[in-house]
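Everything numeric in this text was worked out from a predicted model, so none of it was measured.
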Amino acid sequence: MKIRAPDPEVQTDPILPMINVVFLLLIFFMLAGALHRIEALDVEPPVSASERSEVDQDAVVLVGADGRLAFGDTELDELDLQLRVLDLLAAQPETEIRLKADGRVEADRVIEVMELLSSVGVDEVIMLTLEPK
């Protein structure tokens with residue numbers, strides 16, 4: 001009995017189904033994966049029964065549990081925060097400033113940040129909270 005050596009063209013065929021499976025898995029994980037914005041500080045807002053929803057993500061001031069500040073995706077000190085908000089309001093006067101503070105931060109720190117924003121001309125600060133479950 002004589003056994004023939006396999007053709008080189010036939011050896012490449014078994015790899016095609018594996019490539020198909022890899023592409024199908026890639027498409028599945030791209031569709032099933034949840035994408036969300038990464039913030040500069042890990043903030044867990046307090047719970048409230050507020051009727052407003054979080055719509056615009058561009059003008060959000062973050063206050064971390066330890067009192068650190070961030071604007072958008074950049075961590076800042078108080079002076080830099082004032083300058084960034086002042087620049088934003090000069091370019092877009094109708095912008096609503098949202099404040100997203102961690103539920104564990106001291107209330108005095110949140111009031112300090114509100115006064116900081118008020119000193120650069122912010123008339124109204126929208127406090128972001130979570131809906132009760």
Gap between atom [atom2] of [Y] and atom [atom1] of [X] - 0.5 Å precision:
X: I19; Y: L24; atom1: CD1; atom2: CG; answer: 12.0 Å
X: E94; Y: L89; atom1: CD; atom2: CG; answer: 10.0 Å
X: L81; Y: L117; atom1: CG; atom2: CG; answer: 5.5 Å
X: E78; Y: L83; atom1: CD; atom2: CG; answer: 12.0 Å
X: E124; Y: R98; atom1: CD; atom2: CZ; answer: 9.5 Å
X: L69; Y: D77; atom1: CG; atom2: CG; answer: 8.5 Å

List the residues meeting side-chain hydrogen bond (donor to acceptor under 3.5 Å, both in side chains) with [X], not counting sequence neighbours, and say none if there are none.
X: S119; value: Q82
X: R84; value: none
X: E106; value: none
X: D80; value: none

From CA spacing to verdict: side-chain contact (heavy atoms from CB on, under 4.5 Å), V61, I97
CA-CA 7 Å; V61 177; I97 303 295; 4.0 Å; yes
Closest non-hydrogen contact found for K100 with L128 is CB-CD1, 4.1 Å
Which of L76, V120, T95 passes side chain to side chain contact (heavy atoms under 4.5 Å, CB included) with V85? Answer is V120
V110 vs M127 side-chain heavy atoms within contact, under 4.5 Å:
yes
Can you list everything that forms a side chain to side chain contact (heavy atoms under 4.5 Å, CB included) with I27? Sequence neighbours excluded, please.
L31
State which residues pass side chain to side chain contact (heavy atoms under 4.5 Å, CB included) with L26; sequence neighbours excluded, sorted by chain then number.
F23, M30
Examine distances only and state if a side-chain atom of R104 and a backbone atom of A65 form a donor-acceptor pair shorter than 3.5 Å.
no
F29, V21: one ILVMFWY side-chain cluster at the under-4.5 Å cut-off?
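Yes, F29 connects to V21 through the hydrophobic network.
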When you look at L62 and V60, which way does the side-chain contact (heavy atoms from CB on, under 4.5 Å) test go after all the steps?
CA-CA 6 Å; L62 302 171; V60 177; 3.8 Å; yes
